[in-house]
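Numbers here are sequence positions counted from 1. As the structure is a prediction and not an experimental result, all values here were calculated from the model. First listed ligand is number 1; within each ligand, the first listed atom is number 1.
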Amino acid sequence: MSQMDRRNFMKIMAATSAAAATGLYQSNSYAAEFTLKYANNLPVTHPMNIRAREMAKNIAEQSKGRIDLQIFPNNQLGSDSDMLSQIRSGAIDYFTLSPLILGTLVPAAQISGIGFAFKDYSQVWAAMDGDLGAHVRGEIAKTSVFAFDKIWDNGYRQTTSSTHPIKTPADFKGMKIRVPPSPLWTSMFRAFGSAPASINFAEVYSALQTHIVEGQENPLAIISTAKLYEVQKYCSMTNHMWDGFWFLGNKASFAKLPKDLQEIVRTNVNAAGLKQRVDVKKLNDTLEANLKAKGLQFNNVDADSFRDTLRSAGFYADWHKKFGDQAWTLLEKYTGKLA
Ligand code: X2X
């Protein structure tokens, strides 16, 4: 090899392995007819990205290479707020987002995040695969984006802190806690008397590390894969809400695909979502011992006292009014009476 060739070769090798390490690299040796972008906010090791990579491979195979679904994990394309703008405009084709953050665009979508609403997963999937989910997808479809039928899982959310454990509702009083950008999240922690700060997930690790906030709340699979245990001391199993990820598509982009390719995408997104639900639940159910070994101190709480605090603060009554009787009845059809 000449000096020049060698330099180019090394450059290409470096670029290739850097791309592979970040999960950006897609091994298509030919140009696909449709190159589509799917972006998300989670680390490459989270089940969401593991199942997404498998899904992209299946889509490439089943479409005989006509679709190349490129994955941009870990906020590579920006924060959730940035990616929400990108999918609205069509700069990206697919995006997974919490129903509550989607609430900044579609307020009705937040209803699945009402505190202490779903007692267990049988209620969650009955509601989200049933009439409540259908209602929300109908509201989302009034915008430039749509949601695939099967919502992906995030899990029941737990509270971490660098200052003190949350044992009773009073421990939330005055706490500087990061919440994702969403009116419902802010309202819920105000009802607990906390001082919530809206911060995109992309900034959470550094916000905790630099003590801009004391704590945050997320399912164990995220506390683990995003290594939040490195900058937190306590983990309180508050289970204060279930959260998922709507798999969103840009309508105009999807409409450009021939019907057979639409069907391949739809089938694979929904199938991967069902597998991801199983993976996420398993991780959330088994990570406690692992995180304890990494130094997090765990405690359980009495959920009823937290629910009572929200009830006394008027949280359920306020949101019932905001969502309206029809939507609230759909929620309570699955959860039972909430207030
Ligand atoms: O922002 C969060 O905390 C996260 C990762 O759980 C969501 O996407 C809602």
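At a heavy-atom distance under 4.0 Å, only side-chain atoms of I222, from C-beta outward, approach ligand 1. Only the side chain of N154 comes within 4.0 Å of ligand 1, judged by heavy-atom distances. Within the 4.0 Å heavy-atom criterion, the part of N41 lying near ligand 1 is the side chain and not the backbone. Counting heavy atoms closer than 4.0 Å to ligand 1, residue E203 contributes nothing at all.
Looking at ligand 1, you won't find any N or O of D243 less than 3.5 Å from one of its N or O atoms. For a threshold of 3.5 Å applied to N or O pairs, the pair formed by E217 and ligand 1 contains no separation below that value.
Under the 4.5 Å side-chain criterion, counting only non-hydrogen atoms from C-beta, F247 is in contact with T96.
With hydrogens left out, the protein atom closest to atom 3 (O) of ligand 1 is R178 NH1, 2.6 Å, a heavy atom. Atom 6 (O) of ligand 1 has its closest protein heavy atom at N218 OD1, 2.6 Å.
Neither side chain, D149 nor N270, offers a donor N or O lying under 3.5 Å from an acceptor on the other.
Comment: D318 does not engage K322 in a salt bridge, judged by the lack of any side-chain N to carboxylate O separation of less than 4.0 angstrom. Remark: D279 does not engage K282 in a salt bridge, criterion side-chain N to carboxylate O under 4.0 Å.
Within ligand 1, the atoms closer than 4.0 Å to a non-hydrogen atom of F245 are 8 (O), numbered from 1 in the order shown. Close approach of ligand 1 to S98 (heavy-atom distance below 4.0 Å) involves ligand atoms 9 (C). Remark: ligand 1 atoms within the under-4.0 Å shell around heavy atoms of F201 are 1 (O), 2 (C), 3 (O), 5 (C).
Scored by the ring-ring contact (aromatic ring centres under 6.0 Å, His included) test, F116 finds no partners at all (sequence neighbours excluded).
Within 6.0 Å of the CZ atom in R311, the count of heavy atoms belonging to other residues, nucleotides or ligands exceeds 12.
Between Y94 and F254, the ring-plane angle classifies as perpendicular under the 30° and 60° cut-offs.
Taking 4.0 Å as the cut-off, Q216 does not count as a neighbour of ligand 1 on heavy-atom distance.
Within the structure, the side-chain hydrogen bond (donor to acceptor under 3.5 Å, both in side chains) test picks out the following pairs touching residues 216-226 (sequence neighbours left out): R157-E217, R157-N218, T160-Q216, W185-E217, Q216-N218, E217-H240.
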